[in-house]
Number of protein chains: 4
Amino acid sequence: MPIATDEVPAKRERRKQARPGELLQAALELFVEKGFAATRAEEVAARAGVSKGTLFLYFQSKEELFKAVVHEAMGGKFEAWNEEFERFEGSTDEMLRYCLNSWWERIGATPASGLTKLMVGEAANFPELAEDYRRQVIAPGHRLIRRILERGVARGEFRIPDLDYAVYSVVAPMIFLMMNQHSQGACTPDGQPLDPQRFLAMQANALLAGFMVRTHGGAP
Amino acid sequence: MPIATDEVPAKRERRKQARPGELLQAALELFVEKGFAATRAEEVAARAGVSKGTLFLYFQSKEELFKAVVHEAMGGKFEAWNEEFERFEGSTDEMLRYCLNSWWERIGATPASGLTKLMVGEAANFPELAEDYRRQVIAPGHRLIRRILERGVARGEFRIPDLDYAVYSVVAPMIFLMMNQHSQGACTPDGQPLDPQRFLAMQANALLAGFMVRTHGGAP
Amino acid sequence: MPIATDEVPAKRERRKQARPGELLQAALELFVEKGFAATRAEEVAARAGVSKGTLFLYFQSKEELFKAVVHEAMGGKFEAWNEEFERFEGSTDEMLRYCLNSWWERIGATPASGLTKLMVGEAANFPELAEDYRRQVIAPGHRLIRRILERGVARGEFRIPDLDYAVYSVVAPMIFLMMNQHSQGACTPDGQPLDPQRFLAMQANALLAGFMVRTHGGAP
Amino acid sequence: MPIATDEVPAKRERRKQARPGELLQAALELFVEKGFAATRAEEVAARAGVSKGTLFLYFQSKEELFKAVVHEAMGGKFEAWNEEFERFEGSTDEMLRYCLNSWWERIGATPASGLTKLMVGEAANFPELAEDYRRQVIAPGHRLIRRILERGVARGEFRIPDLDYAVYSVVAPMIFLMMNQHSQGACTPDGQPLDPQRFLAMQANALLAGFMVRTHGGAP
DNA sequence: AATGAATGAGGGTTCATTCAT
DNA sequence: GATGAATGAACCCTCATTCAT
């Protein structure tokens, strides 16, 4: 009998496997947009194209859904990224620019970027979740950036007196950008989100102007 | 003009007139901490030391309370500040440092700083309010900073190719700092808010390193 | 009459025809234990080893299932029993003792005994069903017992001033015993169900002490 | 100032104090009638003359309401009763008759009598509550009756070979009577509840016929 | 003016019932 | 026939809002 056991799932089955993902995506969008409390379970279901009851087939409660959304969006974005930087061979200023750009591609431009806005808004309501988020997202991100800066210093490319806080100089624009993208432009005077590439390019210049050892009149 | 519009109220009325202010303050704190939907009207009343009924004596609804909170917190922080900068006489790099510091004193360190976190979180749920906020807070802030940068350029102190976005370079750290202060440290790996002075000093250095016309390789 | 109405079903059908019976049995157990409303249709199906959908293949609704359960459990327990007593030839005190014992064997000790607890609990929610139950179970039972008592009186063995209520003296312990067996011992101080034989023996003695014409002071 | 601090409560206040009791009474009636699961919280509120929300002002949840109902109905019915029997001076057969009659007046005829039906129906769903019920109602009742029987034996009035189960002979008719009163007559062929006095009188006779030492041709 | 008991619309969650597979 | 994913009516419970005191 040449028929494989799991050839093609029946249509019903296929939906079933897709459901949790569809619900998580819908929930992420709505939670990011409106916050946890202001999002109705039925809205999430509707956006995922199912009825209210179906949501509770896959998640025990709205709160469990929320936790699942956060944990799903946190999921190992850093492993591959970390490795990539291990193997990076160019100058550290190239590395930092590359870091900002690839961060944008891998995180900033994806739905996962809403996660930061979500956590900023809900950290006080879900402290354990905020803890997870710091451990699994913020801390690895910090370590990654710190390693880049340390490399720059070690190779004599950067001069950074206050390394601890220098990391925040790199992090701040990324977080600002995500807030901006997900807050109906609440941070820009015209209500339009920024152009991310343009913003990041400018930030990279500013950061490097601060970090780089200047030879005679140097940089940008 | 012999008739003052807001004379000192008679003793009898003082208490009464204080109520709305206490409610607004309590509401600001709670809305910033937990968001609009997750904050219960009764909590606000309790924190203000009055009963649930009293809150609705002064504000028609929770939504009206929210609007009042936002408008109150937005209230003309810029007039005095603007004037101050009109009269500033030092170098523009001093001016920018002074700007960041006085911003921290006047806004960052006050309860009003939560407003930004609040608007980022609720912009989608209250679009008209977000519009007000952009007009009355974001836009004046931008204009102020832009004027400083333009002064620097005009006086040959700064070289700034992309002035529009350079403003965001100044704004971003301030917004990041406010997010950080009001999100249970959701932006720092250890869950502790940053030291604002240290962070702002570092940011000022970085910004000026990027903006300032360099004479002979000198760092800040 | 050569045509039996319920011949043995063909093998193919036997399984299929068994289903409703398994469901009825599972449902009886659960309804007796937890009540109608607190029993979930899915539990019944699970205990019968089928899926939720299958239950509704055989019964139009949970309510129909309930009615079927009750009617099934009520089913003609009295015909054979009645006949037996028609042919009884001993003394009436033996007859009464025999009645209690065979009641225990035929009803008390079977799953059908839960029916009484069920009806006591649900009579108010299913009045028509309670009516059926009274007609098909309670009334025949009463007639049976009354006939025994009347026989005793007719034969000069018993002296019973209030025959109508004397029937309840016989019924009461049986009903008490069933309640006790099906209510987690809610009627006993230690939460253990009674020993039925011991209880019934004692009751028979007590009843007969009350009914029997006493010759010269003799106890049972 | 001759005005006492708690003269007469304001109308509102008076209602407030009465509410829990009104709700408990309404709940007891409905739970007894329909069972816990089949009773809707809103019905209870309506029967108590308040709205749905008000119920939850006084009881955290439907389940807490249920527990309160049961505990309230269990409440110390035995203290006074016990004392009374300590002081009883007549013959023990009078005592037993008196016991059945006063039980009827104090418990059987009151709403609290529904409690037994309630517990029989819900014991499996609320095991801890059933435990409380056994400890606070069943056990004291048993002790009371046992003491009466023991007194009879000690005074040579009764001869009771199996004292443990003899207690159940006394308890059984009382429980049967309560079931009957609260089950739409599910235990009588005509659907009418029994006449309690008549039933109890007959039971007393029957019991005493079984218990009493017979002199020469004895009792009723 | 201030209170807080009462209300009831609204939202989370359950579960009997349906129906595509 | 059998399944179990999906549905949505119904129910518990919350909380903004009202109003008698």
Side-chain angles (χ1 to χ4, degrees), chain A residues 9-19 37-45 49-65, chain B residues 12-13 15-17 19 37-46 49-65, chain C residues 12-13 15-16 19 37-46 49-65, chain D residues 9-19 37-45 48-65:
Chain A
K11 222 173 279 170
R12 197 67 169 275
E13 191 58 24
R14 197 161 35 206
R15 297 310 306 277
K16 191 198 166 179
Q17 289 171 4
R19 280 285 136 77
T39 299
R40 286 185 303 139
E42 197 165 10
E43 281 179 281
V44 174
V50 299
S51 76
K52 203 172 17 164
T54 301
L55 183 133
F56 292 95
L57 231 51
Y58 294 97
F59 301 95
Q60 289 199 21
S61 67
K62 192 185 168 191
E63 197 161 328
E64 287 304 314
L65 170 65
Chain B
R12 266 291 182 66
E13 290 195 350
R15 178 84 214 165
K16 168 171 122 186
Q17 300 217 351
R19 283 283 142 78
T39 299
R40 297 184 339 181
E42 194 164 13
E43 281 180 281
V44 174
V50 299
S51 77
K52 212 177 355 172
T54 303
L55 189 156
F56 289 93
L57 223 54
Y58 292 104
F59 302 95
Q60 288 197 24
S61 67
K62 193 184 167 192
E63 198 162 328
E64 288 304 316
L65 170 64
Chain C
R12 266 292 180 66
E13 290 194 350
R15 179 83 215 166
K16 167 173 124 187
R19 282 285 141 78
T39 299
R40 298 186 340 188
E42 194 164 13
E43 280 179 282
V44 175
V50 300
S51 77
K52 214 177 355 173
T54 303
L55 188 155
F56 289 92
L57 223 54
Y58 291 103
F59 303 94
Q60 288 197 24
S61 67
K62 192 185 168 191
E63 199 162 328
E64 289 303 317
L65 170 64
Chain D
K11 223 173 280 171
R12 198 67 170 273
E13 190 57 26
R14 198 162 32 204
R15 298 310 307 275
K16 192 198 166 180
Q17 290 171 2
R19 282 285 135 77
T39 299
R40 286 185 302 140
E42 197 165 10
E43 281 180 281
V44 175
V50 298
S51 75
K52 205 178 6 174
T54 301
L55 187 149
F56 292 96
L57 231 51
Y58 294 97
F59 301 94
Q60 289 199 22
S61 67
K62 192 186 166 190
E63 197 161 328
E64 287 304 315
L65 170 65

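The chains referred to below are lettered A, B, ... by the order of the sequence lines, with proteins before strands, and numbering in each begins at 1.
- The distance from the CZ atom of A:Arg19 to the CG atom of A:Leu57 is 9.5 Å, given to the nearest 0.5 Å.
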Result block: side-chain N/O donor-acceptor pairs under 3.5 angstrom for residues 37-44 of chain D, not counting sequence neighbours:
{"residue": "D:Thr39", "atom": "OG1", "partner": "D:Leu30", "partner atom": "O", "Å": "3.3"}
{"residue": "D:Thr39", "atom": "OG1", "partner": "D:Gly35", "partner atom": "O", "Å": "2.7"}
{"residue": "D:Glu43", "atom": "OE1", "partner": "D:Lys34", "partner atom": "NZ", "Å": "3.3"}
{"residue": "D:Glu43", "atom": "OE1", "partner": "D:Arg40", "partner atom": "N", "Å": "2.9"}
{"residue": "D:Glu43", "atom": "OE2", "partner": "D:Lys34", "partner atom": "NZ", "Å": "2.7"}

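- Distance B:Glu63 CD to F:dA16 C1': 12 Å, rounded to the nearest Å.
- With hydrogens and angles ignored, a donor-acceptor pair under 3.5 angstrom links the side chain of A:Lys52 to the base of E:dT13.
- Following rounding to the nearest Å, A:Glu43 (CD) and E:dG12 (P) show an atom-to-atom distance of 9 Å.
- Heavy atoms of other residues, nucleotides or ligands lying less than 6.0 angstrom from CD of D:Glu64 number more than 12.
- Between the CD atom of C:Glu42 and the P atom of E:dT18 there is a distance of 16 Å, rounded to whole Å.
- Residues forming a salt bridge (Lys or Arg N to Asp or Glu O under 4.0 Å) with B:Glu63 (at least two apart in sequence, or on another chain): none.
- Of the residues in residues 53-61 of chain D, those with a non-hydrogen atom less than 4.0 angstrom from any atom of DNA chain F are D:Phe56, D:Ser61.
- Closest of all the heavy-atom pairs between B:Lys62 and B:Phe56 is N-CE2, 4.1 Å.
- Remark: B:Ser51 engages B:Thr54 in a side-chain hydrogen bond (donor to acceptor under 3.5 Å, both in side chains) (not counting sequence neighbours).
- Taking the nucleotide of DNA chain E with the nearest heavy atom to each of A:Thr39 and C:Arg40, the more 5' of the two is matched to A:Thr39.
- The shortest distance between the side-chain N/O atoms of B:Lys62 and the OP1/OP2 oxygens of F:dA16 is below 4.0 Å.
- In DNA chain E, stems built from 3 or more consecutive Watson-Crick or G-U wobble pairs, each with both distances under 3.5 Å, span E:2-21 with F:2-21.
- F:dT7 atom C1' lies 11 Å from atom CZ of A:Arg19, rounded to whole Å.
- Looking at which nucleotide of DNA chain F each of D:Ala37 and C:Val50 is closest to, the 5′-most match is held by C:Val50.
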